[in-house]
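Per chain, numbering begins at 1; letters A, B, ... match sequence-line order.
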There are 2 protein chains.
Amino acid sequence: MSERPLMVIPQPTLKRLVVYHQWLKQLQERGRDVVSCTVLARDFKLDATQIRKDLEIAGIAGTPRVGYRIDAVIASIESLLGWTNVNDAFLAGVGNLGAALLGYERFTRQGVNIIAAFDLDPAKIGTKIHGKPVFSLTKMAPLAQRMKIKIGILTVPAPAAQTVADLMIAGGIEAIWNFAPTALQVPEPIVVESVSLASSFAVLLNQLQHQRHKTT
Amino acid sequence: MSERPLMVIPQPTLKRLVVYHQWLKQLQERGRDVVSCTVLARDFKLDATQIRKDLEIAGIAGTPRVGYRIDAVIASIESLLGWTNVNDAFLAGVGNLGAALLGYERFTRQGVNIIAAFDLDPAKIGTKIHGKPVFSLTKMAPLAQRMKIKIGILTVPAPAAQTVADLMIAGGIEAIWNFAPTALQVPEPIVVESVSLASSFAVLLNQLQHQRHKTT
DNA sequence: TTTTAATAGCGATTTTTTTCTTTATTCATA
DNA sequence: TATGAATAAAGAAAAAAATCGCTATTAAAA
Ligand SMILES: NC(=O)c1ccc[n+]([C@@H]2O[C@H](COP(=O)([O-])OP(=O)(O)OC[C@H]3O[C@@H](n4cnc5c(N)ncnc54)[C@H](O)[C@@H]3O)[C@@H](O)[C@H]2O)c1
Ligand SMILES: NC(=O)c1ccc[n+]([C@@H]2O[C@H](COP(=O)([O-])OP(=O)(O)OC[C@H]3O[C@@H](n4cnc5c(N)ncnc54)[C@H](O)[C@@H]3O)[C@@H](O)[C@H]2O)c1
């Protein structure tokens, strides 16, 4: 498909590029056409040079005294992240969080399309949640294999996470987006990206404590 | 309360400590009593020295040839993160994600207790979701002020996020946990911690692409 | 009791990431 | 057409984070 040199993008840069993208989309809707690092730095409370380096790493050029064309930046980031072609994914565990992810339409514009969900609960199996069909967990591995699904989203309770991850891998899934607070043990080529909301909240609390110390 | 020197903990360390904590809880439930950095390093696919440094920063000591007492590590991390006293919080935007967060009981063991939620939707106002009362958004600021709530959780659609954040600040809220994909503009002392699931997924995709390059 | 192996501890080194400094480019204005 | 101001670009420096190498300590084995 799209031939990219596949250079290594620093992970902090990668994450920030996604955040810039979201914001630039909003600026665009408000009629903005170009944006400077100075402005972005103020909006995000970051260093302007850092943003410039990030865009440079993404291969984006600006013009002095003007800034960057927003549409060009958006297009570059989308291409860099591979959002131009969407990846099909399975989701396991249609609970509170799983259902929320199923209903989040923005994901399809961010490279992921959840095409089916799997659960153990008989009350959920056979239904559709946010338009996505829910199947029995036993169907997951065979279906993944048949449909060549490569991405699995794991939103089951922590004690079940390892078992369900093993099923995903058995079905040929290569990357697991893990929301369960556990350390998944997976063989070498499998990619795991874990989301830890608790970590994020810990950062919030920590900063709040520091802020209070400063002012008192 | 608990008098801590409030040293600066590197943010990567802080996040990892939370992850260690979750895992150690599980090891404890399985009857484990001590754990070594070597084992943790294998479980998390991290460098053993890094884990040792993290624990050192958290002020945790181990014994050679044995490792660390799991209960001591858990206690130290909880105390360090301030999970021993729970912080009350308000949540704005009881949609898919907001409702999922409302129903997540583990949060109370991680320093945050959502005591009420707020929304614009008349169908939701006056109801209880996962046992938490939902009030009209207009009540948020006055109630926050009266109840001295300092933490706000923002799960409204992106276009509404800035407005609702302003309301939170008007109510005396000092820290905002933001799930909306937007760049909140807040005055100096206000702390904002944004969660970007899209960034996390971008990391997953990126690693998957690299993994594929390696093997092919 | 001695030896061995596993592990924590600690300082040094390397790598990565961020920030600073300087230069070059472009647009607006006189 | 010059001048000034804002900005990107590029390289250097600094800061932060991760990793390495070595030493000390401890428990188990010999
Ligand atoms: N809800 C949140 O806000 C939140 C936040 C952070 C992390 N998480 C994590 O996300 C995961 C899901 O949380 P939740 O609140 O949605 O839980 P939940 O209890 O609402 O949902 C769990 C779902 O998984 C299903 N399930 C259980 N065992 C299964 C199995 N073996 N195979 C397939 N499905 C199975 C259940 O039937 C249920 O539908 C948990 O690991 C939780 O720790 C949740
Ligand atoms: N659902 C997800 O998986 C997911 C993932 C990542 C980020 N997010 C972000 O989280 C936020 C919420 O997502 P969601 O899927 O729950 O959306 P949703 O549409 O399901 O819920 C939004 C809720 O906010 C309420 N609301 C709207 N305007 C409001 C206002 N001004 N004041 C108070 N409440 C208001 C709505 O009535 C609704 O209940 C969005 O910003 C979304 O981008 C969601």
Side-chain angles (χ1 to χ4, degrees), chain A residues 7-20 24 27 32-77 80 196 199 202-203 206-207 210, chain B residues 7-20 24 27 32-77 80 196 199 202-203 206-207 210:
Chain A
M7 66 190 146
V8 174
I9 305 162
Q11 205 170 93
T13 294
L14 189 66
K15 291 187 173 183
R16 281 192 300 264
L17 284 172
V18 173
V19 175
Y20 301 157
L24 292 174
L27 292 183
R32 299 284 305 271
D33 216 45
V34 291
V35 72
S36 74
C37 287
T38 324
V39 170
L40 285 178
R42 183 173 39 69
D43 292 346
F44 288 110
K45 295 189 168 64
L46 294 176
D47 188 273
T49 311
Q50 184 171 64
I51 295 173
R52 208 169 284 132
K53 292 275 186 212
D54 286 342
L55 297 180
E56 190 186 319
I57 287 167
I60 302 163
T63 52
R65 186 64 210 259
V66 179
Y68 299 83
R69 291 198 56 78
I70 291 181
D71 53 5
V73 178
I74 288 175
S76 291
I77 293 176
L80 186 78
S196 173
S199 289
V203 170
N206 195 248
Q207 289 189 305
H210 280 288
Chain B
M7 67 190 145
V8 174
I9 305 161
Q11 205 171 91
T13 294
L14 189 65
K15 291 186 173 183
R16 282 192 300 266
L17 285 172
V18 173
V19 174
Y20 302 156
L24 291 174
L27 292 183
R32 299 284 305 272
D33 215 44
V34 291
V35 72
S36 75
C37 287
T38 323
V39 170
L40 284 179
R42 183 173 39 71
D43 293 346
F44 287 110
K45 296 187 168 64
L46 293 176
D47 189 272
T49 311
Q50 184 172 65
I51 295 173
R52 209 170 284 133
K53 291 279 187 209
D54 286 341
L55 297 180
E56 190 186 317
I57 287 168
I60 301 163
T63 52
R65 189 62 212 259
V66 178
Y68 299 84
R69 290 199 56 79
I70 291 182
D71 54 3
V73 177
I74 288 175
S76 290
I77 293 177
L80 186 77
S196 172
S199 289
V203 169
N206 194 249
Q207 289 189 305
H210 280 288

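- The line from CD1 of A:Ile51 to OG1 of A:Thr38 is 9.0 Å long, rounded to the nearest 0.5 Å.
- What separates CD of A:Glu56 from P of C:dT18 is a distance of 14 Å, to the nearest Å.
- Between A:Gln11 atom CD and C:dT18 atom C1' the separation is 16 Å, expressed in whole Å.
- Spacing between atom CD of A:Gln50 and atom P of D:dA14 amounts to 19 Å, rounded to whole angstrom units.
- Here the side chains of A:Tyr20 and A:Leu46 are in contact, with some heavy-atom distance below 4.5 Å.
- Considering all non-hydrogen atoms of both residues, B:Ala48 and B:Cys37 come closest at O-CB, 3.8 Å.
- Between A:Ile70 and A:Leu24, the shortest heavy-atom contact is CG2-O, 3.7 Å.
- One can place CG of A:Leu55 at 13 Å from P of D:dA10, the figure rounded to the nearest angstrom.
- Counting only heavy atoms from C-beta outward, the side chains of A:Arg16 and A:Thr13 approach each other to under 4.5 Å.
- Using a 4.5 Å heavy-atom cutoff, the side chains of A:Glu56 and A:Lys53 are in contact.
- Here the P atom of nucleotide C:dT16 and the CD1 atom of A:Ile57 are 12 Å apart, to the nearest Å.
- Heavy atoms of B:Ala48 sit nowhere under 4.0 angstrom from any nucleic acid atom.
- Distances were taken from every side-chain heavy atom of B:Arg16 (C-beta onward) to each of D:dA18, C:dC10, D:dA9; the shortest belongs to D:dA18.
- The stretch residues 37-46 of chain A does not touch DNA chain C, since none of its heavy atoms comes less than 4.0 Å from the strand.
- If you take CZ of B:Arg69 and P of D:dT26, they are 16 Å apart, rounded to a whole angstrom.
- Looking at which nucleotide of DNA chain C each of A:Asp47 and B:Ala61 is closest to, the 5′-most match is held by B:Ala61.
- Here the closest heavy-atom approach between residue B:Ile9 and residue B:Leu14 is recorded as CG2-N, 4.0 Å.
- Counting to the nearest Å, the P atom of D:dA17 and the CG atom of B:Leu14 are 11 Å from each other.
- Between the side chain of B:Lys53 and the base of C:dG9, no donor-acceptor pair of N or O atoms lies under 3.5 Å.
- Atom OH of A:Tyr68 is separated from atom P of D:dA6 by 18 Å (rounded to the nearest Å).
- A 4.5 Å side-chain heavy-atom check between A:Met7 and A:Leu80 finds at least one atom pair inside the cut-off.
- Looking at heavy atoms from C-beta onward, A:Gln11 lies out of side-chain contact with B:Asn206 at the 4.5 angstrom threshold.
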Tabulated below should be each protein N or O lying under 3.5 Å from an N or O of nucleotides 21-27 of chain C; please produce it.
residue	atom	partner	partner atom	Å
C:dC27	O2	A:Arg65	NH1	3.1

